[in-house]
Structure formats: structure tokens, C-alpha cells
Amino acid sequence: MSQRNITVIPGDGIGPDIIEATLKVLDKAGCDFNYEFADAGLTALEKHGELLPQKTLNLIEKNRVTLKGPLTTPIGEGFTSINVTLRKKFNLYANVRPVLSLKGTQARYDDIDIITIRENTEGMYSGAGQRVTNDGETAEAMSIITREGAERIATFAYELARKEGRKKVTAVHKANIMKSTSGLFLKVAREVGERYPDIQSEEMIVDATCMKLVMDPSQFDVIVTTNLFGDILSDLCAGLVGGLGMAPGANIGKDAAIFEAVHGSAPDIAGQNLANPTALLLGAIQMLEYLGMSDKAGRIRDAVRDTIAEGDHVTRDLGGESGTNEFTDAILARL
């Protein structure tokens with residue numbers, strides 16, 4: 001089989017640190033990828049004068065699979081979120097964010113296994129109708145939900161649930177107040193759910209979902225929802241398993257996929273051998289599963305899990321005293 005090309009975007013801040021660690025682990029597991037590196041974010045702005053150079057976009061399009069470190073979008077000055085731009089550019093409509101309890105993380109729960117599936121291109125993040133009046137007194141933004149967008153994300157959720165042997169899909173909404181947009185999403189989610197009689201369908205208002213996730217997260221399995229709610233709920237779920245350092249994310253479309261750590265670039269600890277690469281490693285595991293390399297994904301998952309559970313070579317955010325390199329070396333040794 002020919003070597004698979006993967007686009008790699010190291011990103012900003014700790015991005016290069018955790019990308020380096022992740023590539024070492026992928027290589028040790030025998031993945032045999034050919035990495036093609038590309039710039040984005042502040043690094044690209046400094047080198048090329050733009051946040052998303054055309055060369056980077058071309059590589060993403062060519063290779064169709066990308067592993068991405070955290071990116072920094074400058075605040076203000078008219079800059080658009082790079083992540084949102086990438087999702088729209090490549091129509092990466094499904095954001096898949098699993099959280100799984102790992103022994104040794106000092107999280108409040110030890111039995112979490114939830115996947116949040118977030119619509120990635122519509123809703124409040126569509127960017128439509130944003131304006132501030134000239135007097136600065138009124139701001140407006142438009143939420144757009146389409147039947148097509150709602151149907152494809154709901155279908156994605158049920159198909160993933162069936163593929164992974166999940167028992168329940170919960171459609172999260174605010175249709176009691178946002179009767180048009182959230183109402184359409186809920187209506188379509190109900191219709192899609194009827195096509196999957198083997199999977200339990202549930203619907204829940206977003207504020208009640210937040211409360212129940214905190215009180216008893218074990219009742220959730222797969223959550224599907226719109227963009228803004230999914231952004232909030234997936235971070236809440238990350239908090240249940242130890243924080244954003246344990247949270248990977250996959251952005252999946254018909255013709256391309258980008259896998260990432262969902263945390264920020266943490267420039268204050270960049271290059272100091274302090275960053276925890278777990279979130280990006282878990283994102284790389286998602287990438288391997290997407291590519292049909294489940295055996296290697298399983299080996300890496302076991303090595304990460306065992307290293308964290310052992311606790312003697314983990315980073316400070318996991319309660320240890322080791323650095324990025326020592327933590328990575330412990331995973332490599334187990335592989």
C-alpha cells in the first residue's frame with residue numbers, strides 16, 4: 001500500500017510542542033505517514049502576511065486529512081476565526097467531540113463515555129447578519145438553520161451511534177423559545193430518529209441538559225445539537241473528564257477531515273516542555289479510526305491510558321511533575 005500523505009499544521013503557542021509529541025507516537029505505532037507541513041494562525045501571519053495562506057488550503061484539499069495544532073486568531077482588527085473559516089471552506093459540517101474517563105486524571109467522575117456531535121457550519125456561527133449600528137448602541141446577528149443542515153448532522157449522529165454500538169441519541173434544542181430555528185432542528189431530528197428504531201431517541205432543552213450533565217452524566221450517550229449549544233456542551237463534557245487537556249475534536253465533511261485538540265494555544269508555556277499532548281493524541285486516534293486503522297488507534301489509546309493511570313510520568317495538569325518529553329517517552333516505551 002502506498003504511503004498516506006497527511007497535512008500537518010503545527011499551529012501557534014504549544015502547537016509545535018504537542019504536534020512533535022504526537023507525530024513521534026504515530027511513527028512508533030507504525031502508521032507510516034508522509035507528513036506535509038503547512039502554516040496557519042499567527043505563525044503564518046508572521047511568515048506570509050496572512051492567517052491562512054493559499055498553500056495551506058491547497059495541501060488540505062490535496063491530502064483530505066489534516067492533523068492540526070491549536071491556532072491563534074488575533075482579537076479584533078476584523079480577523080475572522082481561522083477554525084470557523086476552515087470548517088466553512090471545506091464544508092466540515094460535523095464536529096465530533098468524544099469524552100472518556102481515564103484513570104489518573106483526577107476528574108470528578110470515573111465512568112464518562114459521551115460523544116457530542118455538533119453542527120459545524122450553521123446556527124449562530126454562520127456569520128450572517130452581524131452588524132453594530134453606527135451609534136454603537138445595538139448589535140445584531142442572525143442564526144440560520146436549514147433542513148439540509150439539520151438532516152445531515154442528525155443522520156451523522158445516528159449513523160455513528162449505530163456504528164459504535166451506542167444505545168441512545170439525545171437531540172438538544174431550545175425550541176420552546178427559538179421556535180423557528182431550534183424548532184426546525186428538533187423537527188428534523190425527530191424525523192431522522194424514526195429511521196433508526198434500533199436506537200433510543202431522546203430530546204432535551206439545552207438548559208436542562210447542562211443541569212443533568214452535571215448531576216448525572218451517565219444518562220447520556222450521544223448528544224446531537226446545533227453549533228452554539230454544541231460548543232458549550234462539549235466544553236462542559238470535557239470538564240467532566242479532567243478539562244480541555246483531555247478533549248479531542250474531529251471536523252468531518254464529505255471530502256475532507258481535520259483532527260485537532262480543542263484547547264487553546266497557551267503561548268505562556270510554549271517551548272518550555274510543559275504542555276500536555278493528550279488532547280491532540282486523542283485527536284490523532286480519531287484520525288486513525290477515520291482512516292480505518294483501528295488496530296493502531298487502539299494501541300495508542302491503551303498506551304496513553306496506561307501512562308496516565310500509572311501517574312509517574314505525567315504533566316503537571318495531570319498531577320505529575322514531568323514535562324511533555326518525559327510523558328511522551330513513557331507512551332513510546334509502552335508502544
Side-chain angles (χ1 to χ4, degrees), residues 64 81 83-99 114-128 142-176 178-206 209-210 213 220-238 247-260 262 283 286-287 289-290:
R64 301 176 64 175
S81 166
N83 288 327
V84 172
T85 300
L86 286 171
R87 291 163 188 164
K88 287 185 178 181
K89 172 73 176 175
F90 297 100
N91 200 18
L92 307 176
Y93 67 89
N95 185 213
V96 183
R97 289 184 59 177
V99 290
I114 302 171
I115 302 176
T116 300
I117 299 176
R118 163 195 177 201
E119 203 293 317
N120 227 4
T121 61
E122 297 187 343
M124 289 305 302
Y125 287 17
S126 64
M142 188 182 301
S143 176
I144 297 177
I145 302 292
T146 67
R147 170 172 284 276
E148 178 186 9
E151 183 168 12
R152 68 181 179 179
I153 197 64
T155 301
F156 185 99
Y158 278 94
E159 285 292 327
L160 184 142
R162 179 177 282 175
K163 177 183 176 183
E164 297 203 359
R166 301 275 176 159
K167 304 300 183 184
K168 180 169 68 172
V169 172
T170 303
V172 177
H173 64 94
K174 191 66 176 175
N176 57 322
M178 300 161 63
K179 298 182 183 298
S180 58
T181 50
S182 213
L184 177 60
F185 171 81
L186 178 59
K187 181 177 186 294
V188 173
R190 286 171 176 167
E191 294 170 0
V192 172
E194 290 176 358
R195 304 174 199 162
Y196 297 84
D198 52 316
I199 298 171
Q200 179 185 349
S201 295
E202 180 182 59
E203 55 192 60
M204 194 175 295
I205 295 172
V206 63
T209 306
C210 292
L213 275 168
F220 294 95
D221 196 357
V222 175
I223 295 171
V224 62
T225 189
T226 50
N227 202 314
L228 178 59
F229 297 158
D231 197 3
I232 296 166
L233 290 175
S234 56
D235 274 21
L236 191 160
C237 289
N251 302 277
I252 299 174
K254 182 180 178 182
D255 299 314
I258 296 177
F259 301 87
E260 62 187 353
V262 300
Q286 285 185 287
M287 180 181 75
E289 290 172 338
Y290 175 82

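Looking at Ser182, its side chain never comes within 3.5 Å of a backbone N or O of Lys179 through a donor-acceptor pair. With Arg64 contributing its side chain and Ala256 its backbone, the two residues share no donor-acceptor pair below 3.5 Å. Checked by atom type and distance alone, the side chain of Arg87 never pairs as donor or acceptor with a backbone atom of Asn120 at under 3.5 Å.
The line from CE of Met124 to OG1 of Thr181 is 9.0 Å long, rounded to the nearest 0.5 Å. With rounding to the nearest 0.5 angstrom, the CD1 atom of Ile223 is 9.0 Å from the CD atom of Glu202. The CG atom of Leu186 sits 11.5 Å away from atom CD1 of Ile145, with the distance rounded to the nearest 0.5 Å. Separating the OG1 atom in Thr170 from the CD1 atom in Ile117 is a distance of 11.0 Å, to the nearest 0.5 Å.
In this structure, Ala161 and Ile199 approach most closely via the heavy-atom pair CB-CD1, 3.9 Å. Considering all non-hydrogen atoms of both residues, Arg195 and Arg162 come closest at O-NH2, 4.1 Å. Looking at every heavy atom in both residues, Pro98 comes nearest to Gln286 through CD-NE2, 3.3 Å. Closest of all the heavy-atom pairs between Ala247 and Ala238 is CB-CB, 3.8 Å. The minimum heavy-atom distance between Ala157 and Val169, with the atom names listed, is O-CG2, 4.3 Å. Scanning both residues, Thr116 and Gly230, for their nearest heavy atoms gives CG2-O, 4.2 Å.
Inter-residue side-chain proximity for Leu213 and Leu233 is flagged as met; some heavy-atom pair is nearer than 4.5 Å. Side-chain contact check for Thr225 versus Val206: every heavy-atom pair is 4.5 Å or farther apart. Using a 4.5 Å cut-off on side-chain heavy atoms (C-beta onward), Leu86 and Asn251 make no contact. The side-chain heavy atoms of Leu92 and Ile252, taken from C-beta on, include no pair separated by under 4.5 Å. Taking 4.5 Å as the limit, some side-chain heavy atom of Ile115 sits within range of a side-chain heavy atom of Arg166. The closest side-chain heavy-atom distance from Phe185 to Glu119 is not below 4.5 Å. Taking 4.5 Å as the limit, some side-chain heavy atom of Phe229 sits within range of a side-chain heavy atom of Lys174. A heavy-atom distance below 4.5 Å is found between the side chains of Lys187 and Arg147.
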Worksheet entry | Worked verdict on Ile232 versus Leu228 for side chain to side chain contact (heavy atoms under 4.5 Å, CB included) | CA-CA 7 Å; Ile232 296 166; Leu228 178 59; 4.2 Å; yes
Discussion item. Go through it in stages, so that I can follow the logic: the residues are Phe220 and Met204, the test is side chain to side chain contact (heavy atoms under 4.5 Å, CB included), and I'd like the CA-CA distance, side-chain angles, deciding distance and then a yes or no.
Written reply: CA-CA 11 Å; Phe220 294 95; Met204 194 175 295; 3.7 Å; yes
Practice prompt. Check the pair Ile205 / Asn176 against side chain to side chain contact (heavy atoms under 4.5 Å, CB included), numbers first and verdict last.
Written response: CA-CA 8 Å; Ile205 295 172; Asn176 57 322; 3.8 Å; yes
Practice prompt. Evaluate the side chain to side chain contact (heavy atoms under 4.5 Å, CB included) criterion for residues Val262 and Arg97: first the C-alpha distance (whole Å), next the side-chain angles of each, then the deciding distance (0.1 Å), finally the verdict.
Written response: CA-CA 9 Å; Val262 300; Arg97 289 184 59 177; 3.2 Å; yes
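Within a 6.0 Å radius of CD in Glu148, other residues, nucleotides and ligands contribute 12 heavy atoms or fewer. The environment of Lys89 atom NZ is sparse: at most 12 non-hydrogen atoms of other residues, nucleotides or ligands sit within 6.0 angstrom.
The aromatic rings of Phe156 and Tyr93 stand perpendicular to each other, their planes meeting at an angle above 60°, with 30° marking the opposite boundary.
No salt bridge links Arg190 with Glu194; every basic N to acidic carboxylate O contact stays at or beyond 4.0 Å. At a threshold of 4.0 Å, the pair Lys167-Asp221 does not count as salt-bridged, since none of the basic side-chain nitrogens sits closer than that to a carboxylate oxygen. Ionic pairing of Glu122 and Arg152 is not present here: no N-O contact between side-chain nitrogen and carboxylate oxygen is shorter than 4.0 angstrom.
Checked against salt bridge (Lys or Arg N to Asp or Glu O under 4.0 Å), Lys88 has no partners two or more places apart in sequence or in another chain.
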